[in-house]
Amino acid sequence: MFRAFRSEVENAVEAALDALDLPTDDLGVEEPPEDVPATLASSVAFRLAGAVGAAPPAVAEDVADAVDIDDCEYVGRVDTQGPYVNFYVSDAYYADTLDAGRADDYGTLPPTDTSVVVEHTSANPTGPVHVGRARNPIFGDAVARVLEYAGNDVERHYYVNDAGRQVAVFTWAYETFEESDLPEPERDRADYDLVRYYRKGNEFLESAEGDVAEAAEAEIADIMQGLEAGDEETYERVAVVVDQVLGGMRTSLERLPAEFDRFVKESQFIRNGDAADVVQRLKDSEHAVYEEEAWQLDLSAFGLEKNLVFLRSDDTTLYTTRDLAHHEWKFENYDEAVTVLGEDHKLQAEQLEAALEILGNDTDTLRQTFYSWVNLPEGGMSTRKGTGVDLDDLLDESIRRAREEVEDRLGSRVRNDELDEDDIDRIAHQVGIGAVRYDIVSKQPTKGITFEWERALDFEAQSAPYVQYVHARCCGIEGEAAAAGIDASTDVSVLDTDAERDLLRDIARFPAVIEEAAEDLEPHVVATFAREFAETFNTFYRECSVLNAADEDVAAARLGLVQASRHTVANALDALGIEAPESM
RNA sequence: GGGCGCGUAGCUCAGUCGGACAGAGCGUCGGACUUCUAAUCCGAUGGUCGCGGGUUCGAAUCCCGUCGCGCUCGCCA
């Protein structure tokens, strides 16, 4: 309802300014501070004071008088407070909010008929997913979910690097070194198993000199040439490594869960000739230069100082070259493309966008969004060097601590619903994984995060369990109410306390929060909303009992409010990829 | 050194397309369970919004400068 209310307010202000012969380019519609009872306000009087020749409060009066809300359904009243014109919601606003909240998909926006491909994670298939990378699937999956809630037709893609130098090194190492020379794997799974060869290979290359180094490099170059030439046998050799490691990584990612509709291998753009086609078209462009035996793009016309090499002197393509073909494929098949990347890829992303324009693409449909790396107190994490915390270890530890919490609370539990072993297991997983996700997704992606165990696994702070608990409380009330024979109503006229009205106002805002998160690709606003909503609900919970309400009508309406609250909190959590427990 | 990002309470963070006295949680201190689940609630405490200028009726928010931290500047990805 908030979105409809806002639109009514904007139209009303614009019409009022028109009637007064004043400019309408900036309506100044904004949300007032919390202690102001209005739901929206306009600060337009400040700006018009000069032109009108009167003090802002007087102008505000004029505007308020000129505002006509007769046709408004959700604007109930207008007044002024100093220089501000304040807009209050109508009874219909509350009534329709409660009614809309009955739907279990509440918060979902109308279909946009737009297909959006969200590419995220796309980590090189070189080893287990570590926490430094884990921000990508958590943030990326939330972006995809939020876009879905906003009415888009979303596909999630993982772009698999199976054609670059790193996998060539990996393949060579896998075929060259003996298992007996390697340390024990940390887990019995392909990614943990094979990463040992990758680390060993890199170690070898760093220290090797002379003929030995040259021989190794020759073998690696041979693999890269084979890939470039479309040699089947080479693809098969590489795939042995890539598919196994990727399979292991998927197992980790699915625990979050971060699942994908499609794994797009970059080698396909070499094999189908698209990469070669891109190379030819770039060579023909006016920005192409041939320097030091390699083909490059001079991107100074796009404000980029560094040239982009798109064809090596040995005629092999680079990651970005193949990614150009990949993006043209996306443009052909989807209305919009969103890519979630680490901040270390910013320059490459700018070069990609410029090159796509040179190739004649409209890049307005491409949005590349970035997140800062998660570092350890002692520095960065690296698969190659083997430094960092594995995502599996973080999730295991989080679940373990969550289970401890559940077991600790069993004794002091008021509710007599007898949690069995399966319930404890379920809650430990929901809370443990939810806490990790919330910790990551609730922060602005541009801000750096230093990983610290105790902070990431703090269940007391502004965290997933706090929000999840509200959902469990809603489920508990609904269960008790059903047993007591109470049927929910949508009669808001008996919901007149501050706590009830505040809760309705928060429920009403939820779709607008989804809209904002999708527009800005910032799921953390949903996390902030969920936390604030939980606070509002907990106040309601304390002050407004459903089972012990003064009369049946109030009990029924409050039960309706609890249902709408449950849908709101469940879907806010779902948009973040966090499970909503029915009991805790 | 150039480019990009970040800097808000002791700590972790919201707020940043200019607007009403800068908000939470944690911590500290003090309260609330015979009540629909206390993983909860209520109160107190705590801030030169890195620093210095500028624009404006109004700046945490925009501009310039400066300091600190991160990323980046490969024929790696």
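In what follows, every chain begins at residue 1, and chains take the letters A, B, ... in the order their sequences are listed.
Between A/Thr539 and B/rC42, a side-chain N or O to OP1/OP2 separation shorter than 4.0 Å is present. Using a 4.0 Å cut-off, some side-chain N or O of A/Gln444 falls inside it from OP1 or OP2 of B/rG15. Residue A/His524 places none of its side-chain N or O atoms closer than 4.0 Å to OP1 or OP2 of B/rU16. Under 4.0 angstrom from either OP1 or OP2 of B/rG3 there lies no side-chain N or O belonging to A/Lys306. An OP1 or OP2 oxygen of B/rA14 is reached within less than 4.0 angstrom by a side-chain nitrogen or oxygen of A/Lys447. Between A/Asn538 and the phosphate of B/rC41, there is a side-chain N or O to OP1/OP2 separation shorter than 4.0 Å. In terms of phosphate contacts, A/Arg322 brings a side-chain nitrogen or oxygen within less than 4.0 Å of OP1 or OP2 of B/rA77. The phosphate of B/rC76 has OP1 or OP2 within less than 4.0 Å of a side-chain N or O from A/Arg312. Taking only side-chain nitrogens and oxygens, A/Tyr438 never comes nearer than 4.0 Å to OP1 or OP2 of B/rA39. Of the side-chain N and O atoms in A/Tyr541, one or more sit less than 4.0 angstrom from OP1 or OP2 of B/rA38. Contact annotation: A/Arg542 side-chain N/O to B/rC36 OP1/OP2 distance is not under 4.0 Å. Taking side-chain N and O atoms only, A/Arg409 has a distance below 4.0 Å to OP1 or OP2 of B/rA39.
Only the P atoms considered, B/rG2 is 9 Å distant from B/rU66, to the nearest whole Å. Across B/rC62 and B/rG7, the matching P atoms stand 11 Å from one another, rounded to whole Å. Comparing the C1' positions of B/rU55 and B/rC64 gives an interatomic distance of 11 Å, to the nearest angstrom. Comparing B/rC17 with B/rU61, their P atoms sit 11 Å apart, to the nearest whole Å. Across B/rA38 and B/rC57, the matching C1' atoms stand 50 Å from one another, rounded to whole Å. Between the P atoms of B/rC13 and B/rG52, the separation comes to 25 Å (whole Å). For B/rC73 and B/rU12, the P atoms lie 29 Å apart once the distance is rounded to whole Å. For the C1' atoms, the distance linking B/rG23 with B/rG65 amounts to 30 Å, nearest Å.
For a distance-only test at 3.5 Å, the side chain of A/Asn86 qualifies as a donor-acceptor partner of the base of B/rA20. Below the 3.5 angstrom threshold, one finds no donor paired with an acceptor across the side chain of A/Arg47 and the base of B/rG58. A donor-acceptor contact under 3.5 Å links the side chain of A/Gln462 to the base of B/rA24.
By the 6.0 Å and 45° rule, A/Arg473 stacks over the aromatic ring of A/Tyr541.
Atom P of nucleotide B/rA20 and atom CG of A/Leu40 are separated by 14 Å, given to the nearest angstrom. The CD atom of A/Glu407 sits 15 Å away from the C1' atom of B/rA39 (whole-angstrom rounding). Note: CG (A/Asn375) to P (B/rU72) measures 10 Å, nearest angstrom. In this structure, the CG atom of A/Leu341 is 19 Å from the P atom of B/rC76, given to the nearest Å. What separates CG of A/Asp344 from P of B/rG5 is a distance of 16 Å, to the nearest Å. Regarding A/His345, its NE2 atom lies at a distance of 14 Å from the P atom of B/rC76, rounded to whole Å. Atom CG in A/Asp408 sits roughly 17 Å away from atom P in B/rA38 (whole-Å rounding). Remark: C1' of B/rC73 and CG of A/Leu347 are 7 Å apart, rounded to the nearest angstrom.
Where A/Ala534 and A/Thr446 meet RNA chain B, the nucleotide closest to each residue was compared, and A/Thr446 sits on the side nearer the 5' end. Looking at which nucleotide of RNA chain B each of A/Ser313 and A/Ser42 is closest to, the 5′-most match is held by A/Ser42.
Contacts of A/Val470 with the nucleic acid, taken as non-hydrogen atoms under 4.0 Å apart, are absent. At a threshold of 4.0 angstrom between heavy atoms, the contacts of A/Ala481 with the nucleic acid are absent. Heavy atoms of A/Ser43 sit under 4.0 angstrom from at least one base atom. Within 4.0 Å of A/Val431, counting heavy atoms only, lies at least one base atom of the nucleic acid. Within 4.0 Å of A/Cys475, counting heavy atoms only, lies no atom of the nucleic acid at all. Residue-level contact check: A/Val546 touches the bases, meaning some heavy atom is under 4.0 Å from a base atom.
A donor-acceptor pair under 3.5 Å links the side-chain atoms of A/His429 to the main chain of A/Asp425, judged by distance alone. Of the possible donor and acceptor atoms, one in the side chain of A/Tyr438 sits under 3.5 Å from a partner among the backbone N and O of A/Ala527. With A/Asp502 contributing its side chain and A/Arg505 its backbone, the two residues share no donor-acceptor pair below 3.5 Å. With A/Glu478 contributing its side chain and A/Cys475 its backbone, the two residues share no donor-acceptor pair below 3.5 Å. Within the 3.5 Å criterion, the main-chain N or O of A/Gln430 finds no donor-acceptor partner in the side chain of A/Glu579.
A donor atom on one side chain and an acceptor atom on the other are not found under 3.5 Å apart for A/Ser42 and A/Glu30. A donor and an acceptor atom, one from each side chain of A/Ser583 and A/Arg426, are located under 3.5 Å apart. Between the side chains of A/Tyr319 and A/Asn161, no donor-acceptor pair is found at a separation under 3.5 Å. Checked by atom type, the side-chain pair A/Thr450/A/Asn375 shows no donor-acceptor distance below 3.5 Å.
Nearest nucleotide to the side chain of A/Glu535, out of B/rA24, B/rG5, B/rC76: B/rA24. Of the candidates B/rC4, B/rG19, B/rA38, B/rC4 carries the atom nearest the A/Lys346 side chain, counting heavy atoms from C-beta on. Closest to the A/Glu480 side chain, of the nucleotides B/rC76, B/rC36, B/rC41, is B/rC36. Here B/rU12 is the nucleotide among B/rC36, B/rC6, B/rU12 with the atom lying nearest to any side-chain atom of A/Lys443. Set against B/rU72, B/rG2, B/rA20, the side chain of A/Glu305 has B/rG2 as its closest nucleotide. Nearest nucleotide to the A/Tyr466 side chain, out of B/rC41, B/rA39, B/rA20: B/rC41.
Applying the 5.5 angstrom centroid cut-off and the 30 degree plane-angle cut-off, the aromatic ring of A/Trp373 is not stacked upon the base of B/rG70. You can call A/Phe46 stacked on the base of B/rG19; the centres are under 5.5 Å apart and the planes sit within 30°.
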## Note on the structure
The dot-bracket string of RNA chain B, counting Watson-Crick and G-U wobble pairs with both distances under 3.5 Å, using [ ] for crossing pairs and | for pairs to another strand, is ((((((((.[[[[.)...(...]]]]((((((.......))))))....[[[[[..)....]]]]])))))))....
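Taking the six-membered ring for Trp and the full ring otherwise, A/His287 and A/Phe302 have centroids separated by under 6.0 Å. Residues A/Phe459 and A/Tyr466 keep their aromatic ring centres 6.0 Å or farther apart.
Annotated as syn: B/rC33, whose glycosidic dihedral is within 90° of 0.
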